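On a predicted model such as this, the values are computed, not experimentally measured, just so you know.
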Amino acid sequence: MLTCLKTNKFKTGCLSVNLLTRLKKNRAAKNALIPYVLKQGTASHPDMESIMRLTDELYGASVTPIVRKKGEIQAIGFFADFAEDSFTPQAEITRRVIELTGELLLFPNTRGGLLLPGYTDVEKEKLSEQIRGRVNDKRAYSIQRLYEFMCAGEDYSTDKLGTVEELSSVNYRKLTSHYKSLLASSPIEIFYCGSSGPAEIENAVKYAFETLPRGDSERNIATDVRMSAGADKPRVFSEEMDVSQGKLAVGFRLGGCMKKPDPAKIRVFNSVYGGSVNSKLFMNVREKLSLCYFASSGTDIHKGIMTVSSGIDFDKYDAALSEILKQLDAVAEGNVTDEELKAAKKSVASDLRLICDSPAALEAFYFDSNLSGTEYGPFEAAALAEEVTSDQVVEIASGVVCDAVYFLKGDGVGS
């Protein structure tokens, strides 16, 4: 699918090419490794040095690997950022960047039809280090560990980069076979934002990707949405580490609203509860009661999950968790003031309108929209958010259920 957003607002354009596949623990790392290996060289530009010479000729254009997780869909590919043709003395920058992106994806530097072992081994080690390094961001680490416990048995528990264990068994032969299979079977999403017209971009894309092999498409890449919790009461998990501040992550299923999810309503609900500086979590758990150093909520509308992330002193675990749940109950019981609702809608609408100020933000928005099947832009989304009522927020909150709690606490040593 090709999405073109024609605008004269920016001096730079962007292009993304995404192969979509079902997120699976036994192949997530192989998928994530592919664009990094492909980026090392193509048939006509066999190494990074020659690719950089070309991008220098294209006025500093960049093409970088992307790996994303949306619900239980893993997307891999490339994101290109480049100067608009009208702002450079040399024309056809856009067309040449599209061709380079197609070449990176379809014509890697190979020997005997196989990806180069040297490139594969180097990128494999870099990706392994990146995966191991996730523990250094304790906030993100605690959320991922929550997903692993809460969604055990669901593909969602897998990180977008996969695991070091899976990566350790990958070699250039296996990666080549997997790469060819992925090319042939994966649905593809292409996005362009810039001043060129849709017909011009479509022709350039067709030319650049005309050799894309097409076989039987992967049949089921949809996300498995579970609207109820895994047990009658929240499951609790904890781990110890050499940390001076506890990280408390609480996972919720969004419930009945996921039967026919409405992004505007879910965004405003999240903003009321914990997604903004005027939210109940921020104003009460952090500011009023001083139970945490930070507390915020975020939702994955594709999966139907909400996560609360907070940093706390170890001895405030019970009080902080109790108050986090209490604030959700308050929303569900209708204790939402006009001022809270107004501030939440203003925050959501403002964030959505700001998307229009960045080509990269627009790409991310439309990629999300295409996966979820929504057919409106950021300004329309903002207008819908401004129409959300208190009753609609309460209705969503009343269906949300706490599924799991994860607490990363100190091991008695501190740091």
* Structure fact -> With sequence neighbours left out, the residues meeting ring pair (Phe, Tyr, Trp, His ring centres under 6.0 Å) with Y172 are none

* Quick one: are V394 and F269 in side-chain contact, heavy atoms under 4.5 Å? -> no

* **Electrostatic pair R132-E129, nearest N-O below 4.0 angstrom** => yes

* So, the side chain of E323 versus the backbone of L281: is there a donor-acceptor pair under 3.5 Å, distance only? -> no

* Asked: Would you call P234 and D403 a side-chain contact if the rule is heavy atoms closer than 4.5 Å?
  -> no

* Close side-chain approach of R22 and D224, heavy atoms under 4.5 Å -> yes

* Asked: Is the closest side-chain heavy-atom distance between F252 and L325 below 4.5 Å?
  -> yes

* From the options I312, L248, V285, select the one residue that forms a side-chain contact (heavy atoms from CB on, under 4.5 Å) with L321. => L248

* Does the side chain of Y59 reach to within under 4.5 Å of the side chain of I93, using non-hydrogen atoms? -> yes

* Are R226 and E72 within salt-bridge range, i.e. N to O under 4.0 Å? -> no

List the atom pairs, with distances to 0.1 Å, where a side-chain N or O of residues 344-351 and a protein N or O form a donor-acceptor pair under 3.5 Å, not counting sequence neighbours.
unit_1: K345; atom_1: NZ; unit_2: E386; atom_2: O; d: 3.1
unit_1: K345; atom_1: NZ; unit_2: V388; atom_2: O; d: 3.1

* Backbone of T120 reached by a side-chain donor or acceptor of E123 within 3.5 Å -> no

* **Enclosure of K9 NZ (heavy-atom neighbours >12, cutoff 6.0 Å)** => yes

* **Non-hydrogen side-chain atoms of R111 and L116 separated by less than 4.5 Å** => yes

* Asked: Between the side chain of S185 and the main-chain N/O of S181, is any donor-acceptor distance below 3.5 Å?
  -> yes

* Asked: Does the distance from a Lys or Arg side-chain N to an Asp or Glu carboxylate O, for D159 and K69, drop under 4.0 Å?
  -> no

* Among I76, I188, I190, I66, find the one that has a side-chain contact (heavy atoms from CB on, under 4.5 Å) with N18. => I66

* Is a side-chain N or O of S297 found less than 3.5 angstrom from the main chain of G274, in a donor-acceptor match? -> yes

* Does E84 use its side chain to pair, donor to acceptor, with the backbone of S195 at less than 3.5 Å? -> yes

* **Full working for side chain to side chain donor-acceptor pair (under 3.5 Å) between T21 and Q74** => CA-CA 5 Å; T21 186; Q74 187 181 21; over 6 Å; no

* Show your working on salt bridge (Lys or Arg N to Asp or Glu O under 4.0 Å) between R96 and E57 and close with a plain yes or no. => CA-CA 10 Å; R96 293 180 65 190; E57 291 177 14; 3.5 Å; yes

* **Contact check, side chains of D368 and H302, non-hydrogen atoms, under 4.5 Å** => yes

* Take E363 and S16, measure what side chain to side chain donor-acceptor pair (under 3.5 Å) needs, and give me the verdict at the end. => CA-CA 8 Å; E363 188 276 339; S16 71; 2.7 Å; yes

* Asked: Crowded around F87 CZ? As in, over 12 foreign heavy atoms under 6.0 Å?
  -> yes

* If you count the non-hydrogen atoms of other residues, nucleotides and ligands that lie under 6.0 Å from NZ in K138, is the total more than 12? -> yes

* Asked: Can you tell me if R145 uses its side chain to pair, donor with acceptor, with the backbone of Y406 under 3.5 Å?
  -> no

* **S271 (side chain) donor-acceptor with R267 (main chain) under 3.5 angstrom** => no

* When V405 is tested against each of V250, V308, I324 for side-chain contact (heavy atoms from CB on, under 4.5 Å), which residue passes? -> V250

* Asked: Does a sphere of radius 6.0 Å around CD in E395 hold more than 12 heavy atoms from other residues, nucleotides or ligands, not counting ones at 6.0 Å or beyond?
  -> no

* Asked: Any ion pair linking E166 and K25 (charged N to carboxylate O, less than 4.0 Å)?
  -> no

* To do: Check step by step if side chain to side chain donor-acceptor pair (under 3.5 Å) holds for Y119 and D47.
  => CA-CA 10 Å; Y119 288 169; D47 52 38; 5.3 Å; no

* To do: Take atom CE of M52 as the centre, draw a 6.0 Å sphere, and report whether it contains more than 12 heavy atoms from other residues, nucleotides or ligands.
  => no

* Would the Y317 and F407 ring centres measure less than 6.0 Å apart? -> yes

* **Heavy-atom check, side chain of L38 versus side chain of N109, under 4.5 Å** => no

* Around atom NZ of K206, are there more than 12 heavy atoms of other residues, nucleotides or ligands at under 6.0 Å? -> no

